[in-house]
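A quick write-up on the structure given underneath.
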There are 2 protein chains.
Amino acid sequence: MNTLSYGLLGLLARRESSGYELMLRIQPFWQAKHSQIYPLLSRMEEKALLSSYWVQQSDKPDKKIYAITEAGMDKLREWMHQPIAPSVNKDELSLRTFSLWLSEIGVSVDIYEERRALYVEKKRYYESILDGIPKQKCEFGNKEFSSYILATKALMMAETELKWCDWVLDLLGQHSMAAAGES
Amino acid sequence: MNTLSYGLLGLLARRESSGYELMLRIQPFWQAKHSQIYPLLSRMEEKALLSSYWVQQSDKPDKKIYAITEAGMDKLREWMHQPIAPSVNKDELSLRTFSLWLSEIGVSVDIYEERRALYVEKKRYYESILDGIPKQKCEFGNKEFSSYILATKALMMAETELKWCDWVLDLLGQHSMAAAGES
DNA sequence: ATGACCATGTAATTAGTTACATGATTTG
DNA sequence: CAAATCATGTAACTAATTACATGGTCAT
């Protein structure tokens, strides 16, 4: 049982979902493709941590709905007492930034403008998520509490990254102006 | 050539290093173990992107120093014009937080206290890194500029995560007090 | 003496991506 | 009419981790 499996159990402990839906639901926390999730769900069902049934749909393809079993809930509760691995971040932009001295300023500006737009979008997304969470339920013990603090974190992080992009773009702008003044 | 390889080229474009040192230097941007880096370096040397020589040491084990070749620099410069992949973040704490409603409050407090300590340490680390960068060199075009903006980002992110931990711990504290008042 | 740091490497396994395969419906 | 969304799955490959293997120095 890897971390992703426990993540899927956690999602299914809230509500049953299709593999496709689970793939979408887990994206904010753990980026995994459907080709990794489908075989995992099969193996978890073999171990009786999940059960499933097919739902016929007329307009869309049929779907297989997974639900967590009591054995699955036990596994999930067990996991809650295990040590937590430190986060793994793999950001190509950081590696690229490290070699920025090899780039022209115009190319650099484009890079951070692009990232900036991404974080503006992300910020809007998490703001809308937070709007959808009823605040009176945001207390420890409720499922909404988790969603609330996670969405808040994602929003805070997006805001910080956005601020950083703006700051970098400002530094790059200053440099361009100084270069223009010198010529 | 994967992203990690280009990251290693970027590090070596600044200064030559041993595999062990590269493993340490790349950690802030890309978490990779020595067992992944050593074979990669070998393959990059085979492709003539790197050259190497052994340095005898008396007190410590001998080491193999890698340097980037002109072909390696060309590859690196080429990469600078390629599209940048979005960042991948895999944080077990997020998955765990999602299932927090299954935990007791004491266990939850411990989890965020632990993470808090980690970010306090991280904040201190990046503050010391920033102290070590001469500010007059922090302009676009210098190698120091990259280090400066990357360390600033890491500091900003650590501060945000720290703020979030404090906020969560405050919410958990409020809950404990409310529970005590009710009893 | 126990563990951490330095230093390099390989072998076995698991995790994750890309590509293949299918096919209807909706939106621009 | 092209692209995106919904929906499931497998096959081939690459990336990454864990474990094995060695061995000296230094600090607690």
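Since this is a predicted model, take the numbers as computed values, not measurements. So that the names make sense, note that chain A is the first sequence line, chain B the second, and so on, each numbered from 1.
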*Any side-chain heavy atom of B:E78 sitting closer than 4.5 Å to one from B:L76?*
no
_I'd like the 5' and 3' limits of the part of DNA chain C contacted by chain A, with heavy-atom contacts below 4.0 Å._
C:dA15 to C:dT25
*salt bridge (charged side-chain N to carboxylate O under 4.0 Å, His left out) with A:D110: which residues, sequence neighbours excluded?*
none
*For B:D170, enumerate each residue passing the side chain to side chain contact (heavy atoms under 4.5 Å, CB included) test, keeping only those at least two apart in sequence or located in another chain.*
B:Q174
*Any donor-acceptor N/O pair, A:R115 side chain to A:C165 backbone, under 3.5 Å*: no
*Round to the nearest Å and state the distance from B:H34 atom NE2 to D:dA19 atom P.*
13 Å
*How long is the gap from CZ on A:F98 to CH2 on B:W30, to the nearest 0.5 Å?*
15.0 Å
N/O to N/O distances under 3.5 Å, protein versus nucleotides 12-16 of chain D:
from, atom 1, to, atom 2, distance (Å)
D:dA15, OP1, B:N2, ND2, 3.4
D:dA16, OP1, A:K90, NZ, 3.4
D:dA16, OP2, B:Q36, NE2, 2.5
D:dA16, O5', B:Q36, NE2, 3.2

*Please find out if less than 6.0 Å separates the ring center of B:W164 from that of B:Y119.*
no
*Evaluate the side-chain proximity of B:V168 to B:R116: yes if any heavy-atom separation is below 4.5 Å, no if none is.*
no
*Under a 4.5 Å cut-off applied to non-hydrogen side-chain atoms, are A:L40 and A:N2 in contact?*
yes
Identify every side-chain donor-acceptor pair in residues 139-151 of chain B under 3.5 Å, counting partners at least two apart or on other chains, and give the distances.
from, atom 1, to, atom 2, distance (Å)
B:N142, ND2, B:K137, O, 2.8
B:S146, OG, A:T97, O, 2.8
B:S147, OG, B:R14, NH1, 3.0

*asked:* Heavy-atom nearest nucleotide on DNA chain C for A:S35 versus A:P61: which residue maps closer to 5'?
replied: A:S35
*Round to the nearest Å and state the distance from A:K63 atom NZ to D:dT5 atom P.*
17 Å
Could you pull out all donor-acceptor pairs under 3.5 Å where a side-chain atom in residues 121-128 of chain B meets a protein atom, sequence neighbours excluded?
from, atom 1, to, atom 2, distance (Å)
B:K123, NZ, B:E127, OE2, 3.4
B:S128, OG, B:Y125, O, 2.7

*Using a heavy-atom distance cut-off of less than 4.0 Å, which residues of residues 51-60 of chain B contact DNA chain C?*
B:W54, B:Q57, B:K60
Side chains of residues 43-51 of chain B: which donor-acceptor partners sit under 3.5 Å, not counting sequence neighbours?
from, atom 1, to, atom 2, distance (Å)
B:E45, OE1, B:S52, OG, 3.4
B:E45, OE2, B:S52, N, 3.4
B:E45, OE2, B:S52, OG, 2.6

*Give me the bend of the helix from C:dA1-D:dT28 to C:dG28-D:dC1, using the axes of the five pairs at each end, rounded to 10°.*
60°
*Output the residues of residues 16-29 of chain B in contact with DNA chain C, where contact means a heavy atom of the residue under 4.0 Å from an atom of the strand; sort by number or write none.*
B:S18, B:G19, B:Y20
_Listed once per pair and sorted, the ring pair (Phe, Tyr, Trp, His ring centres under 6.0 Å) pairs that draw on residues 43-87 of chain B, sequence neighbours left out_ = B:Y6-B:W79
*Under 3.5 Å, is there a donor-acceptor pair between the side chain of A:Q57 and the main chain of A:P61?*
yes
*Does A:A85 offer a backbone N or O that forms a donor-acceptor pair with the side chain of B:E92 under 3.5 Å?*
yes
_For B:S103, all residues meeting side chain to side chain donor-acceptor pair (under 3.5 Å), sequence neighbours excluded_ = none
